[in-house]
Amino acid sequence: RRGCPGSPRPPLTGCPPPVPVDDTEDVSLDFGSEEELALRKAPIRHPLATFFHLFFRVSAIITYLFCDWFSNSFVACFVTILLLLSFDFWSVKNVTGRLLVGLRWWNQIDEDGKSHWVFEAKRVPTIAASTEAEARIFWLGLIICPVIWTVFLFSTLFSLKLKWLALVIAGISLQTANLYGYVHCKLGGQTSFSRVTSRLFVTADAPK
């Protein structure tokens, strides 16, 4: 059988005309999507940040519950728990929030000496975006631990162990501050938005 144009045999009558090929036609190729999708599905991409997001706050709770087993010194227990709470506040505010969920918040002083709270959230997902597992761990740890410290507050009041009251209030204050800051970042703020130097962030500037 004789073939149509493009075959080694002579063309038959009635074959469709050859389709012209446009060498200038652009072809869109997305080489990064598969790699980004694979990384996105990875269970934990920041294991060290995920570990320390839970380590300090869980250690503070465990130390509070069982400190009498390890030491009879109230001062030593008080200082140890307070240090763990402080380390947790710093690491969550400055490191784990940025790495695990792409959020951060801080306070700055403008030229007039006025204090401003700034809340930021990543606008565009990048190759370094967090995974769903990391985000879930971040928010669960951020929400559950202040609730536990609130339970400790009521138990301290009901059991009349007032010597622990200041420590429990410090735990609630430090962890609630981070929770409030990151929820505000997640919601985008309630006041006017302003730009920052980085193109990856949307900044909500909320004057105090």
Side-chain angles (χ1 to χ4, degrees), residues 43-44 46-108 115-122 130-191 204-208:
I44 300 294
H46 304 93
L48 195 60
T50 304
F51 171 77
F52 281 106
H53 177 71
L54 298 176
F55 174 74
F56 291 121
R57 54 185 49 214
V58 172
S59 297
I61 292 173
I62 293 176
T63 305
Y64 177 82
L65 291 174
F66 303 106
C67 63
D68 293 337
W69 293 10
F70 305 107
S71 174
N72 294 325
S73 174
F74 168 76
V75 175
C77 294
F78 188 97
V79 172
T80 300
I81 297 171
L82 190 60
L83 286 175
L84 290 171
L85 291 172
S86 301
F87 292 153
D88 169 72
F89 177 81
W90 184 90
S91 63
V92 173
K93 178 180 178 296
N94 296 290
V95 181
T96 63
R98 177 176 54 85
L99 293 178
L100 300 184
V101 289
L103 304 174
R104 64 182 181 182
W105 64 277
W106 76 93
N107 181 268
Q108 67 180 12
S115 177
H116 295 268
W117 292 100
V118 182
F119 305 92
E120 293 183 349
K122 273 188 179 179
S130 62
T131 65
E132 294 181 2
E134 288 175 335
R136 190 177 298 111
I137 292 172
F138 177 84
W139 288 110
L140 286 176
L142 203 66
I143 294 171
I144 292 176
C145 290
V147 173
I148 295 176
W149 282 104
T150 303
V151 173
F152 290 163
L153 175 63
F154 289 105
S155 66
T156 300
L157 293 175
F158 293 150
S159 61
L160 298 179
K161 295 181 178 179
L162 300 182
K163 65 180 182 179
W164 295 102
L165 187 61
L167 181 64
V168 172
I169 292 176
I172 294 174
S173 301
L174 290 174
Q175 299 201 353
T176 302
N178 264 328
L179 176 61
Y180 171 81
Y182 283 116
V183 168
H184 207 71
C185 292
K186 186 68 174 179
L187 297 178
Q190 301 298 327
T191 58
D205 187 5
K208 184 176 178 181

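Note that the structure is a prediction, hence the values are computed from the model and not measured.
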Pick out which of Leu167, Val168, Val151 makes a side chain to side chain contact (heavy atoms under 4.5 Å, CB included) with Thr156.
Val168
Checking side chain to side chain contact (heavy atoms under 4.5 Å, CB included) between Arg57 and each of Leu84, Leu85, Leu142, which is the one that passes?
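When side chain to side chain contact (heavy atoms under 4.5 Å, CB included) is applied between Arg57 and each of Leu84, Leu85, Leu142, only Leu142 qualifies.
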Closest non-hydrogen atom pair between [X] and [Y], with its separation:
X      : Y      : result
Ala121 : Leu103 : CB-CD2, 3.3 Å
Ala49  : Thr96  : O-CG2, 3.3 Å
Gln175 : Cys145 : OE1-CB, 3.0 Å
Ala170 : Leu82  : CB-CD1, 4.2 Å

Considering residues at least two apart in sequence or located in another chain, which fulfil the side chain to side chain donor-acceptor pair (under 3.5 Å) criterion with Thr50?
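Not a single residue meets the side chain to side chain donor-acceptor pair (under 3.5 Å) criterion with Thr50.
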Within a reach of under 6.0 Å around CZ of Phe78, are more than 12 heavy atoms found that belong to other residues, nucleotides or ligands?
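Yes, the 6.0 Å shell around CZ holds more than 12 heavy atoms from other groups.
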Just by modelled atom types, is the Leu100 backbone N or O under 3.5 Å from a matching donor or acceptor in the His46 side chain?
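No: the side chain of His46 does not pair with the backbone of Leu100.
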Chi angles and distances behind the side chain to side chain contact (heavy atoms under 4.5 Å, CB included) call for Tyr182, Val92
CA-CA 10 Å; Tyr182 283 116; Val92 173; 3.8 Å; yes
For the residue pair Tyr64 and Trp149, is the inter-centroid distance of their aromatic rings smaller than 6.0 Å?
yes
How about Phe52 and Phe56: are their ring centroids closer than 6.0 Å?
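So the answer is yes for these two rings.
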Indicate yes or no: at least one non-hydrogen side-chain atom of [X] is less than 4.5 angstrom from one of [Y].
X      : Y      : answer
Trp164 : Cys67  : yes
Cys77  : Thr63  : no
Val183 : Trp139 : yes
Thr176 : Thr150 : no

Give the ring-plane orientation class for Trp105 versus Phe119, where under 30° counts as parallel, over 60° as perpendicular and anything between as tilted.
parallel
Criterion side chain to side chain contact (heavy atoms under 4.5 Å, CB included) on Ile172 and Leu153, from CA distance to verdict:
CA-CA 9 Å; Ile172 294 174; Leu153 175 63; 3.9 Å; yes
Which pairs pass side chain to side chain donor-acceptor pair (under 3.5 Å) with one or both residues in residues 69-86, sequence neighbours excluded?
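The answer is none; no pair qualifies.
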Ring pair (Phe, Tyr, Trp, His ring centres under 6.0 Å) partners for Phe51, two or more places apart:
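Phe51 satisfies ring pair (Phe, Tyr, Trp, His ring centres under 6.0 Å) with Phe55 once adjacent residues are dropped.
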Starting from the C-alpha separation in whole Å, work towards a yes-or-no answer on side chain to side chain contact (heavy atoms under 4.5 Å, CB included) for Ile81 and Ile61.
CA-CA 8 Å; Ile81 297 171; Ile61 292 173; over 6 Å; no
Side chain to side chain contact (heavy atoms under 4.5 Å, CB included) evaluation trace for Glu120 with Trp106
CA-CA 9 Å; Glu120 293 183 349; Trp106 76 93; 3.0 Å; yes
Could you grab the distance from atom OG of Ser91 to atom CG of Leu99, nearest 0.5 Å is fine?
11.0 Å
